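First comes the structure, then the notes that go with it.
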Amino acid sequence: MCAPAVTDGSIHTMEQRRLGSSDLDVPVLAFGTGTFGGAGPLFGAWGQSNEVEARRLVDICLEAGVTLFDTADAYSGGAAEQILGSALKGRRHKALIATKIGLPNADDDPNAAPAQRLTAALERSLQRLGTDHVDLLQLHAFDARIPPEILLDTLDAFVKAGKARHIGVSNYPSWRLMQSLAITDQGNHSRFCSHQVYYSLIGRGYEAELMPLGIDQQVGALAWSPLGWGRLTGKLKRGAPLPAGSRLHKTSEFAPPVPDELLFGVIDALHCIAEETGRTVPQVAINWLLQRPTVTSVILGARNEAQLRDNLGAAGWTLSHEQMRRLDDASQVLPDYPHTLYWQQGPFRQLNPPPVP
Ligand SMILES: NC(=O)c1ccc[n+]([C@@H]2O[C@H](COP(=O)([O-])OP(=O)(O)OC[C@H]3O[C@@H](n4cnc5c(N)ncnc54)[C@H](OP(=O)(O)O)[C@@H]3O)[C@@H](O)[C@H]2O)c1
């Protein structure tokens with residue numbers, strides 16, 4: 001179950017965690033392929049790994065026990081899936097592939113019904129990936145145009161046909177996820193076992209609704225943009241220009257917003273704890289996520305070998321309770337209503353204390 005990993009010179013085994021209600025164990029670190037390919041206004045600006053570089057990153061991941069790869073049909077217009085498929089050629093059995101479909105796609109037939117559209121999208125993904133199944137099929141986003149029953153029937157058919165071993169969502173509002181799970185439990189559909197969520201020290205909105213839902217309903221979280229869309233890397237400095245070569249030059253308008261005061265407060269705390277622990281800023285930021293309830297796996301973003309090797313050193317050790325508390329304090333923001341009532345000290349909080357790791 002545990003694969004040996006060599007990262008920052010020390011040897012440890014890559015911890016595995018059960019993915020929500022499924023029977024699938026996944027490594028606590030996954031690798032995101034958003035940087036593969038490099039085309040298109042949003043995803044192309046993440047950085048560009050060609051086939052040779054991508055293969056090298058996949059090699060390093062597999063050696064380190066990072067066997068879960070996240071991709072999407074939307075990344076670089078499908079090129080990311082194609083590059084991942086080619087990097088895994090001949091060793092597909094060593095990897096778990098999670099892909100995402102459901103965002104508007106240039107190849108969609110505008111006249112197709114939702115079930116046909118999703119079926120065609122999955123077939124294209126399988127073809128690009130060079131495989132007959134994915135281990136986790138995720139809906140990239142909540143599509144209010146598709147009734148949940150139709151969606152669940154369609155996904156269930158994919159599972160029964162063996163084309164998707166498990167199903168999950170991404171960026172779903174909690175009410176819709178809960179509604180879908182309730183429909184599933186009344187019938188005999190395959191159940192969403194995971195959700196891919198934006199969760200980082202500068203984006204803790206996940207905690208208010210989706211985290212308690214995950215605990216209650218056994219939905220595992222795969223955390224995307226663990227470095228806050230590339231901002232918790234140790235390269236950003238208060239009052240200084242953006243680091244040279246960083247994707248932030250191109251994608252800052254897409255980055256989940258964060259006030260400067262919060263961002264630099266978190267960065268200061270990260271630097272301090274990195275110094276204390278002898279770890280790097282990204283390693284500390286990712287390790288914090290690994291200690292949070294419901295987080296099954298953190299999806300690493302790295303556009304070169306040095307970044308990947310650094311980030312692999314985020315697992316295999318733990319921040320102390322005191323360091324976790326300092327990071328919690330530095331990153332805490334007042335949640336929206338009704339959670340505000342339960343967050344402040346007082347009778348409401350006694351009724352519903354926040355989850356603790
Ligand atoms: N479901 C969704 O809607 C969704 C959305 C976004 C992402 N994702 C998934 O999550 C994955 C990761 O997202 P992300 O790339 O935004 O993650 P991230 O960890 O927030 O940012 C990664 C970026 O930070 C910089 N970086 C990473 N490690 C570093 C290190 N050790 N030292 C210095 N700089 C470092 C690199 O950018 P620079 O070198 O350019 O600074 C890298 O591209 C994606 O590949 C994708 O699979 C999913």
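Index from 1, following the sequence. Both ligands and their constituent atoms are indexed starting at 1 by order of listing. As the structure is a computational prediction, the values presented were derived from the model and not from experiment.
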>> If we only consider heavy atoms of Q138, is any one of them less than 4.0 Å away from an atom in ligand 1?
In response: no

> How about W288 and Y199: are their ring centres within less than 6.0 Å of each other?
Replying inline: yes

Using a 4.0 Å heavy-atom threshold (strictly under), name the region of [X] that reaches ligand 1: side chain, backbone, both or neither.
| X | answer |
| --- | --- |
| R231 | neither |
| S170 | side chain |
| P226 | both |
| Q307 | both |

>> So that I can tick it off, tell me whether D132 and R92 are bridged by a salt bridge, with the cut-off set at under 4.0 angstrom between side-chain N and carboxylate O.
In response: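 Salt bridge between R92 and D132, a charged N being under 4.0 Å from a carboxylate O: no.
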
Just going by heavy-atom distances, which of [options] is nearest to [atom]?
| atom | options | result |
| --- | --- | --- |
| atom 23 (C) of ligand 1 | Q283, R309, R247 | R247 |
| atom 28 (N) of ligand 1 | L312, T233, N311 | N311 |
| atom 2 (C) of ligand 1 | Y198, W224, F31 | W224 |

Hey, which atoms in ligand 1 end up nearer than 4.0 Å to a heavy atom of [X]?
| X | value |
| --- | --- |
| T33 | 45 (O), 47 (O) |
| G34 | 45 (O) |
| D70 | 9 (C), 46 (C), 47 (O) |
| K235 | 33 (C), 34 (N), 38 (P), 39 (O), 41 (O) |
| Y75 | 4 (C), 8 (N), 9 (C), 46 (C), 47 (O), 48 (C) |
| D310 | 30 (C), 31 (N) |

>> Determine whether R55 and E51 satisfy the following criterion, salt bridge (Lys or Arg N to Asp or Glu O under 4.0 Å), listing intermediate values before the conclusion.
In response: CA-CA 6 Å; R55 192 178 176 91; E51 294 224 6; over 6 Å; no

Look only at interatomic distance and state if [X] has a nitrogen or oxygen under 3.5 Å from any nitrogen or oxygen of ligand 1.
| X | result |
| --- | --- |
| L248 | no |
| T35 | no |
| G230 | yes |
| K100 | no |
| L227 | yes |

> Should the ring pair F69 and F31 be called parallel, tilted or perpendicular, given that the plane angle runs from 0 to 90° and is split at 30 and 60?
Replying inline: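 F69 vs F31 ring planes: perpendicular.
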
> Do the ring planes of W224 and Y198 sit parallel (below 30°), tilted (30 to 60°) or perpendicular (above 60°)?
Replying inline: tilted

>> Just to verify, what does R17 make a salt bridge (charged side-chain N to carboxylate O under 4.0 Å, His left out) with, not counting sequence neighbours?
In response: E15

> With E81, which of R128, R124, K100 fulfils salt bridge (Lys or Arg N to Asp or Glu O under 4.0 Å)?
Replying inline: R128

>> If you apply the rule salt bridge (Lys or Arg N to Asp or Glu O under 4.0 Å), what do you find for D143 with R176, and how did you get there?
In response: CA-CA 10 Å; D143 187 339; R176 184 59 150 217; over 6 Å; no

> Hey, does D70 have a side-chain heavy atom less than 4.5 Å from the side chain of L222?
Replying inline: no

>> Tell me whether the count of non-hydrogen atoms from other residues, nucleotides or ligands lying under 6.0 Å of CZ in F264 goes above 12.
In response: yes

> Would the number of heavy atoms belonging to other residues, nucleotides or ligands and lying under 6.0 Å from CD of E149 be above 12?
Replying inline: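 Check passes, neighbour count above 12.
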
>> One pair to check against ring pair (Phe, Tyr, Trp, His ring centres under 6.0 Å): Y172 and H140. What are the steps and the verdict?
In response: CA-CA 9 Å; Y172 252 46; H140 208 144; over 10 Å; no

